[in-house]
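Below, each value reflects all heavy atoms present in this structure, side chains not excepted, and no hydrogens, waters or symmetry copies.
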Amino acid sequence: MLIKYISTQTQLPESSVKNTVQLLNEACTIPFISRYRKEHTGNLDEVQIGDIVKYKEEFEALEKRKATILNTLEDQNDLTPALKEQIESANNLIILEDLYLPFKKKRKTKADTARNNGLEPLAKIIMSQNASDLEAIAYNYVRQDIQSIEDALEGARHIIAEWINERTDIRHAIRQQLERHAQIATAVIKTKKDEEKAQKFRDYFDWEEALSRIPSHRLLAILRAEKEGFIRVKIDIDHERATQHIASRLIRSKNSCADHIELAVTDAYKRLLYPSLANEALQAAKALADTSAISVFSKNLRQLLLGSPLGEKRVLAIDPGFRSGCKLVCLGAQGQLEHNETIYPHAPKNDSIGAMKKIRSLADAYKIEAIAIGNGTASRETEALIRKIHFKNDIQVFVVSEAGASIYSASKIAREEFPNYDVTVRGSVSIGRRLQDPLAELVKIDAQSIGVGQYQHDVDQTQLQKSLDVAVEHCVNAVGVNINTASKSLLSYVSGIGPKLAENIVKYREETGSFSSRKEIKKVARLGDKAFEQSAGFLRIKGAKNPLDDSAVHPESYAIVKAMAKDLNVTVKELIGNSEVLKQVDLKKYCSDAVGLLTLEDIVKELEKPGLDIREQAKVFTFNQNIKTITDLQEGQLLPGIVNNITNFGCFVDVGIKESGLIHVSNLSDSFVKDVNEHVHLHQQIIVKVLEVDVARKRIQLQLHKK
């Protein structure tokens, strides 16, 4: 059942699903399966394998809930063969919970009170719709707490209303109406409308839109405005049509019984069905919006983590500031801290000459090859100062995003790395290191703090964290990790490693020294055969005796490479990087039951360029030096900018001032934009045209300029 369920949901071949599920059950990771088990999966990529994982978990959660419900019903003596069959065949949680609803323990209801007063037989009589004198029949139930005929009939209607609420066909019909016709409507809370914080939500003070068509970012903005107490939100459908639909399913007479059923229908709808199902519809829309927002966030994070590294260069990093000065650090090629101090080039001290001399002398003393300037307060002023300095050597100057640097500097990781330095020094180190290698440094920071998403605090946090972890894992394993220099944070994302083994690897390194071969990795405490199998292909050892140890060729395939080299009368070292010789390899000769053409093609591709970094090299970028604040902007200006956030409705661009400008999807291209990522990517250097500047609301509208 599991394989069929996943195959139906993903539209993937059952054989591929079955083999992938088997590998997952054997504790194989997604990166390992997609890279080294292509024959087993039918060449599924990480996204497809991720979908299999998702639906596997969904199916298992459904089965677990079924088991719980069946056990509960059995304990309550409510489980019949027919009900058991219905529950076992339910293919989603909504249907399952509808089946369980009549038997679910709940707080005492009006219907419970009516039953305790003995009114259930009267309710059944009304539902039979055969009574000729209903009031006379109801009179027989007037006793104790039931003081009148109307009390008796009202109590019976409460029971009928509960029956109506628990009918799966009726709930399904109302759900369909909500799915097709629901409108989401907002109304401003008048006492809050003039508050400053409310102004960013003023577009939604009086808003109405089809719930099925509302974009994810707009729904999340509306729900945030409601949460912060600025608006009220309601879900609307045609209530009269909905109640008539229910009544048409129940009423088949024209006597007084029909009148009471109609009253019960109205009560059931207004009090039970509509509030519950309208909220369910809103939550379902919210879940879709969450998924969409998380997808955007995940894409942005991948692009950010795979940003261009400068590489192993000596860097002088500056965290700019005015009154508190500019925190300055000098880093070695591997990111080690060699020097730190504070300079005061800006107001109020204005020691620009002293600062320039100090930077120039440090650049000489520490053989600095590049300068990284944080893009926060005083960034532009500091960049202008740096560009006035005449260095002896050619030094590249980069403005680097500070997003998350303050989070890192106060974190446990930073305290462990730099126990004897304060947060200002740690923050500067983070800025410099993320220029050297964004991936290695940014994995130390909680992804939600990096600032590459919208409404990240409004979406499902568990789903968000899981998606971001997958994104980080993908990036780390796509690039590969130097086991001798990687931090504990970076190592923890390597396939099969995790935080504890990462800690053990670092400890082994500290006690024994650098790893000299992949075989040596097995000596790490608690790193067994399975962990080695999953991780070895993603761990690199520079300068190893066996050159394959610095490649993505898995150790399980070393024998194949040796056989190729032997057959071509060359050494493995001579084979690596030799395209002409590699073209002579007859791949079919090395096929076996375990290894097919897909894996062999991957091996040859890796041998051509072993350990190739998939990331582009960092490029120097300069903002327009005349633009310092939003008031310097004018409509029609063309400006250089850097894409710093991507959403479903467009992208935000840093043009060198505090406020980022928005390129709406309609201004990205002359044609329809289906996916913003097809037109721009995070940290891309672009030219934009200023369309509109709203200084009061601090909003800038931009257009992507075609070069």
Q: Would you sort out whether Leu491 and Leu539 count as a side-chain contact (heavy atoms from CB on, under 4.5 Å), showing the intermediate values?
A: CA-CA 9 Å; Leu491 286 165; Leu539 295 170; 4.0 Å; yes
Q: For the pair Lys299 and Ile646, evaluate side-chain contact (heavy atoms from CB on, under 4.5 Å) and give the outcome as yes or no after the intermediate values.
A: CA-CA 9 Å; Lys299 282 180 185 176; Ile646 294 175; over 6 Å; no
Q: Apply side-chain contact (heavy atoms from CB on, under 4.5 Å) to Ser551 and Leu607, showing your working.
A: CA-CA 8 Å; Ser551 75; Leu607 291 174; 5.8 Å; no
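Enclosure of atom CG in Asn25 by more than 12 non-hydrogen atoms of other residues, nucleotides or ligands within 6.0 angstrom is indicated. In the displayed structure, Gln465 atom CD is contacted under 6.0 Å by more than 12 heavy atoms of other residues, nucleotides or ligands.
Rounded to the nearest 0.5 angstrom, Ile497 CD1 and Leu490 CG are separated by 11.0 Å. Interatomic distance, Tyr55 OH to Ile3 CD1, rounded to the nearest 0.5 Å: 15.0 Å. Interatomic distance, Leu310 CG to Lys619 NZ, rounded to the nearest 0.5 Å: 13.5 Å.
Counting heavy atoms from C-beta outward, Asp469 and Lys466 have side chains that stay 4.5 Å or more apart. Using a 4.5 Å heavy-atom cutoff, the side chains of Glu26 and Lys530 are in contact. Within the 4.5 Å cutoff, no side-chain heavy atoms of Glu63 are placed close to those of Tyr5. Contact check for Pro499 versus Glu503: no side-chain heavy atoms found under the 4.5 Å cut-off. Inter-residue side-chain proximity for Thr10 and Gln48 is flagged as unmet; no heavy-atom pair is nearer than 4.5 Å. Between Lys519 and Asn546 the shortest side-chain heavy-atom distance does not fall below 4.5 Å. At a threshold of 4.5 Å between non-hydrogen side-chain atoms, the residues Ser430 and Glu441 count as touching. Residues Glu417 and Tyr408 have side chains in contact (heavy-atom distance under 4.5 Å, counting atoms from C-beta outward).
Using modelled atom types, no side-chain atom of Ser449 and backbone atom of Gly404 make a donor-acceptor pair closer than 3.5 Å. Judged purely by atom type and a 3.5 angstrom limit, Thr342 has no side-chain atom pairing as donor or acceptor with the backbone of Lys327. Put simply, the side chain of Ser34 gets close to the backbone of Pro31: a donor and an acceptor are under 3.5 Å apart. Of the possible polar contacts, one joining the Arg518 side chain to the Ala536 backbone as a donor-acceptor pair under 3.5 Å is found. Put simply, the side chain of His683 never gets that close to the backbone of Leu306: no donor and acceptor are under 3.5 Å apart. Remark: the backbone N or O of Ile560 is not paired with any side-chain donor or acceptor of Ser557 at under 3.5 angstrom. For Asn340 (side chain) and Val329 (main-chain N/O), no donor-acceptor pair under 3.5 Å exists by modelled atom type.
Each of Asp586, Leu582, Val585 was evaluated against Met564; a single residue qualifies, Val585, per the side-chain contact (heavy atoms from CB on, under 4.5 Å) test. Partner of Asp613 under the side-chain hydrogen bond (donor to acceptor under 3.5 Å, both in side chains) criterion, out of Arg615, Gln617, Lys609: Arg615 alone. Screening Val425, Asp319, Ile359 for a side-chain contact (heavy atoms from CB on, under 4.5 Å) with Leu328, the sole residue that qualifies is Ile359.
Shown here are the side chain to side chain donor-acceptor pair (under 3.5 Å) partners of Thr571, two or more places apart in sequence or in another chain: Glu574.
Heavy atoms only, all atoms of each residue included: Val423 and Ser409 are closest at O-CB, 3.2 Å. When all heavy atoms of Pro320 and Gly374 are compared, the pair lying nearest together is CG-O, 3.3 Å. Between Glu520 and Ser516 the shortest heavy-atom distance is OE1-N, 2.8 Å.
Close placement of the Tyr36 and Phe538 rings is indicated, their centers lying within 6.0 Å of each other.
Gln334 and Glu312 share a side-chain donor-acceptor pair at under 3.5 Å. For Ser495 and Asn477, the side-chain atoms include no donor-acceptor pair closer than 3.5 Å.
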